[in-house]
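Below is one structure, written out as structure tokens, with a few remarks after it.
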Amino acid sequence: MLVHTARFGAIEVPEENVIDFPWGLPGFPGQRRFVPIQHPGNGAIAFLQSLEMPELAFIVADPFQLVAGLEVEIPEADLEALEITSPAEAAVYAILTVKRGGAEITANLAAPLVVNTSKRKARQVILGDPDGGRLRYPLLAKGRAAEGKRGDAGACLDQKSGTEPDDRR
Amino acid sequence: MLALTRKAGQSLMIGDEIEVTVVEIRGDQVRIAVSAPREVAVHRKEIYELIRQENRQAAILPAGLDVNEILGLMGEKE
């Protein structure tokens, strides 16, 4: 199928690559259909291109490649909603935010995208309180205080989530 | 907007499947239980707002952004 994108022009994408977000995404409730476009130079990075809005594309990355030792626990309710029954069916992506014209890149580890890879169904899963640097985990910060910021966020990640989990039965 | 008065232990239904119960009222805090189908995501609004804003910002890619350059810089880090 032909996909119109603002960034790459019109590109041909296999229909089966389309990922459905039945519940949209916070901030983009009407955007349901996206297709990942792998970055040719970097296997860890992809553009998640909206099929409905040519100008809407997120940069996503495999969070486990970005952060060594990262653990992500997907709530039971989200797994059920996505009909994920085994870890082999699940893929996790973090949305990257590019700020200051590319001088700063952060990864959203607080609300990763979880994909059922066999059913091509996905949802942005909010993992409790987005505190401790997980919402804007710094990957790249040119200039001052970059190192300090990175260290802090790492420490916060190590202590796992200090938040009280909302139980859902 | 609909406003309803409820006491601790009382509930309200939103549609046929969503039940919101006032569990406890203590001072200026109210503990609320939500029973909803799995497909319905339930979050504190301020948390949802943060994610919404971050998504909004992530969707704005600077014009003329050289993604290759950024990826190169990220590679340097490792």
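Throughout, protein chains are lettered first and strands after them, A, B, ... in sequence-line order, and every chain is numbered starting at 1.
- Contact of the B:Glu54 side chain with the A:Thr106 side chain is registered, since non-hydrogen atoms from C-beta on lie closer than 4.5 Å.
- Placement of A:Ile74 and A:Ile19 in two distinct hydrophobic clusters is found when ILVMFWY residues are connected by side-chain heavy-atom separations under 4.5 Å, directly or transitively.
- From B:Gln53, atom CD reaches atom CG of A:Leu135 across 9.5 Å, with rounding to the nearest 0.5 Å.
- When atom types are taken as modelled, the side chain of A:Arg123 and the backbone of B:Glu39 share a donor-acceptor pair closer than 3.5 angstrom.
- Hydrophobic clustering of Ile, Leu, Val, Met, Phe, Trp and Tyr side chains at less than 4.5 Å, counting indirect connections, keeps A:Val60 apart from A:Val3.
- In this structure, CG on A:Leu113 lies 7.5 Å from CG on B:Asn55, to the nearest 0.5 angstrom.
- At a threshold of 4.5 Å between side-chain heavy atoms, the hydrophobic network of Ile, Leu, Val, Met, Phe, Trp and Tyr places B:Val22 and B:Ile18 in one connected group.
- Closest of all the heavy-atom pairs between B:Tyr48 and A:Pro26 is OH-CA, 3.6 Å.
- Interface remark: A:Leu56 contributes side-chain atoms only to the contact with chain B (heavy atom separation under 4.5 Å).
- B:Val20 and B:Val23 are not part of a single hydrophobic cluster, where members link through side-chain heavy atoms under 4.5 Å apart.
- Residue B:Gln29 qualifies as open at atom CD: its count of foreign heavy atoms under 6.0 Å is 12 or below.
- Rounded to the nearest 0.5 angstrom, A:Thr97 OG1 and B:Arg56 CZ are separated by 13.5 Å.
- One distance of note links CZ of B:Arg38 with CG of A:Asp78; it measures 9.0 Å at 0.5 Å rounding.
- Residues A:Leu139 and A:Leu70 share a hydrophobic cluster, clusters being chains of Ile/Leu/Val/Met/Phe/Trp/Tyr side chains in contact below 4.5 Å.
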